[in-house]
Number of protein chains: 2
Amino acid sequence: MSDMSQNNQTRDKYHHGNLPDALIHEGAGLLADVGIEGFSLRKLAARAGVTVAAPAHHFGNTKGLLTAIATRAFMRLAAQMQDAALSAPSRHDAVVAMCLAYFKMRTTDPGYAAVMFRLDLIHASDEHFRQSAFQAFGLLEKSLAEAVPNATGTAEISTAAKALWATTQGLTTLPMIEHRETEQLLRHTISAHVDALR
Amino acid sequence: MSDMSQNNQTRDKYHHGNLPDALIHEGAGLLADVGIEGFSLRKLAARAGVTVAAPAHHFGNTKGLLTAIATRAFMRLAAQMQDAALSAPSRHDAVVAMCLAYFKMRTTDPGYAAVMFRLDLIHASDEHFRQSAFQAFGLLEKSLAEAVPNATGTAEISTAAKALWATTQGLTTLPMIEHRETEQLLRHTISAHVDALR
DNA sequence: ATCTTATCTTAACAACGTTTAGATTCTGAG
DNA sequence: CTCAGAATCTAAACGTTGTTAAGATAAGAT
């Protein structure tokens with residue numbers, strides 16, 4: 001039964017194969033099943049077929065584990081952002097598609113998306129986490145710059161990208177915003193920023 | 001010692017006076033001291049001078065208590081938004097001041113601000129909570145409408161207000177945004193939306 | 001083959017939220 | 001004023017949680 005969780009990289013090593021990767025994968029699965037509220041290290045350990053102390057050995061504590069999941073989440077987001085941008089008909093639509101990639105990820109990868117912006121649950125200063133988060137953000141920044149070639153400077157682009165990034169995340173946490181209108185709100189915001197830049 | 005927590009409304013009633021209000025007040029204080037991570041019902045009970053089961057009797061469970069704190073938080077925000085708008089030199093500045101009111105609240109009332117947008121920790125569908133949250137949002141919506149009298153319709157105003165609301169909240173949860181640049185980002189976003197509306 | 005290191009288990013700990021039963025205090029009808 | 005009923009709070013216990021220390025097991029190195 002434990003052979004199922006050894007699908008990546010070096011396998012059949014040590015006791016349970018590549019446990020860190022398995023814990024990240026199963027952790028995202030558990031988060032998808034029970035949400036961040038029902039999540040616990042013990043449930044995850046049982047799901048991965050190990051005891052409670054095993055995750056602690058690799059990730060230190062719960063925060064470390066969630067940080068690893070969030071780090072991988074941003075790696076996945078970056079990949080999906082690039083894919084989405086490639087199939088966009090215009091550079092303006094590429095910006096829209098990149099922001100929408102995060103929304104789609106909340107339904108396709110709910111476990112990973114659950115911890116991406118939970119700075120209180122993870123080690124927000126962790127080096128690897130910051131790198132992956134900034135890499136995804138950098139893609140949006142670059143895409144926005146390409147969509148507005150006549151912008152006055154890189155500082156304005158960066159400012160608009162940050163605001164856009166904040167809006168994208170903020171849209172998911174407000175009680176007065178229904179899910180079906182998020183895309184329209186996003187398009188509206190992007191257009192406003194793009195128009196302001198030129 | 002327990003007389004200090006009975007400062008509002010009906011006092012010296014029942015065993016500990018107005019315990020629900022005291023729990024909300026002390027709960028915000030505890031949140032300000034130890035953050036949402038260090039918060040616990042037992043610490044709060046000890047701080048309020050009661051046993052653990054007392055909060056449960058009034059608020060059902062932890063979520064109910066945090067919901068009450070979040071509800072009061074939005075009441076406070078609404079009041080501070082109105083104050084901020086009154087002393088703004090223009091209607092455009094009033095919109096800015098209203099959004100900044102939330103940022104200021106995160107330093108002046110950190111305990112209350114800690115749970116306002118934590119929909120996972122509270123009863124997001126609670127009637128009182130929704131009312132207070134929508135009331136604060138309505139103030140921003142109204143202020144934005146007054147700042148852009150030539151807007152085409154109320155739907156566009158509402159859309160922009162929601163996007164602005166989302167940006168304001170999102171700015172506080174992103175690792176790549178430093179605290180000192182939030183105001184600039186907010187002003188930039190508001191201008192972009194206002195310009196797009198006319 | 002043996003030593004060293006990394007990995008995982010076992011066991012125990014304090015702290016947590018919730019629940020039940022009972023004690024205490026307030027309220028209000030007679 | 002009295003006293004039954006209701007509201008409020010205490011006391012005690014339960015299962016679950018994250019973390020930790022010590023020991024067992026397996027892999028890698030010399």
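Chain identifiers are assigned alphabetically (A, B, ...) following the order of the sequence lines, protein sequences preceding nucleic acid strands; residue numbering begins at 1 within each chain.
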Which whole-number value in Å describes the distance from B:Phe59 CZ to D:dT8 C1'? 13 Å

Return the residues of residues 113-128 of chain A meeting this criterion: a heavy atom under 4.0 Å from some atom of DNA chain D. Order them by number, or give none. none

When rounded to whole Å, the CD to P distance for the pair A:Glu37 and C:dT18 reads 11 Å

So how far off straight is the helix from C:dA1-D:dT30 to C:dG30-D:dC1, going by the axes through five pairs at either end, to 10°? 10°

Using OP1 and OP2 only, check whether a side-chain N or O of B:His58 sits under 4.0 Å from D:dA7. no

Treat primed atoms plus P, OP1 and OP2 as sugar-phosphate and everything else as base, then score nucleotides 13-18 of chain D 5' to 3': B for base contact with protein heavy atoms under 4.0 Å, S for sugar-phosphate contact only, - for none. B---BB

SB check B:Arg47 B:Asp33 (cutoff 4.0 Å): yes

Residues in ring pair (Phe, Tyr, Trp, His ring centres under 6.0 Å) with A:His188, at least two apart? B:His193

Of the listed nucleotides (C:dC8, C:dT9, D:dC9), which one gets closest to any side-chain atom of A:His57? C:dC8

Would you mind reading off the distance between B:Leu66 atom CG and C:dG17 atom C1', rounded to a whole angstrom? 12 Å

With a sphere of 6.0 Å drawn around NE2 of B:His92, does it hold more than 12 non-hydrogen atoms of other residues, nucleotides or ligands? yes

Run the side chain to side chain contact (heavy atoms under 4.5 Å, CB included) test against B:Val52 and tell me which residues pass, sequence neighbours left out. B:Arg42

Over how many whole Å does the gap from A:Leu19 atom CG to D:dA27 atom C1' extend? 15 Å

Between B:Asp126 and B:Gln131, does any side-chain donor sit less than 3.5 Å from a side-chain acceptor? no

Return yes when atom CD of B:Glu181 has more than 12 non-hydrogen atoms of other residues, nucleotides or ligands closer than 6.0 Å, and no otherwise. yes

Is it the case that atom NZ in A:Lys43 sees more than 12 heavy atoms from other parts of the structure closer than 6.0 Å? yes

Separation of D:dC9 atom C1' from B:Leu23 atom CG, nearest Å, is 11 Å

Here the ring pair (Phe, Tyr, Trp, His ring centres under 6.0 Å) pairs for residues 34-89 of chain B, sequence neighbours left out, are B:Phe74-B:Phe117, B:Phe74-B:Phe129

Looking at the side chain of A:Ala56, which of D:dT20, D:dT10, C:dC8 is the nearest nucleotide? D:dT20

Lys/Arg N to Asp/Glu carboxylate O, A:Asp120 vs A:Lys63, below 4.0 Å: no

Just wondering, more than 12 heavy atoms not from A:Arg118 lying within 6.0 Å of its CZ? yes

State the CG-NE2 distance between A:Asn18 and A:His25, to the nearest 0.5 angstrom. 12.0 Å

Residue met sooner reading DNA chain D from 5', once B:Ala53 and A:Lys63 are mapped to nucleotides: B:Ala53

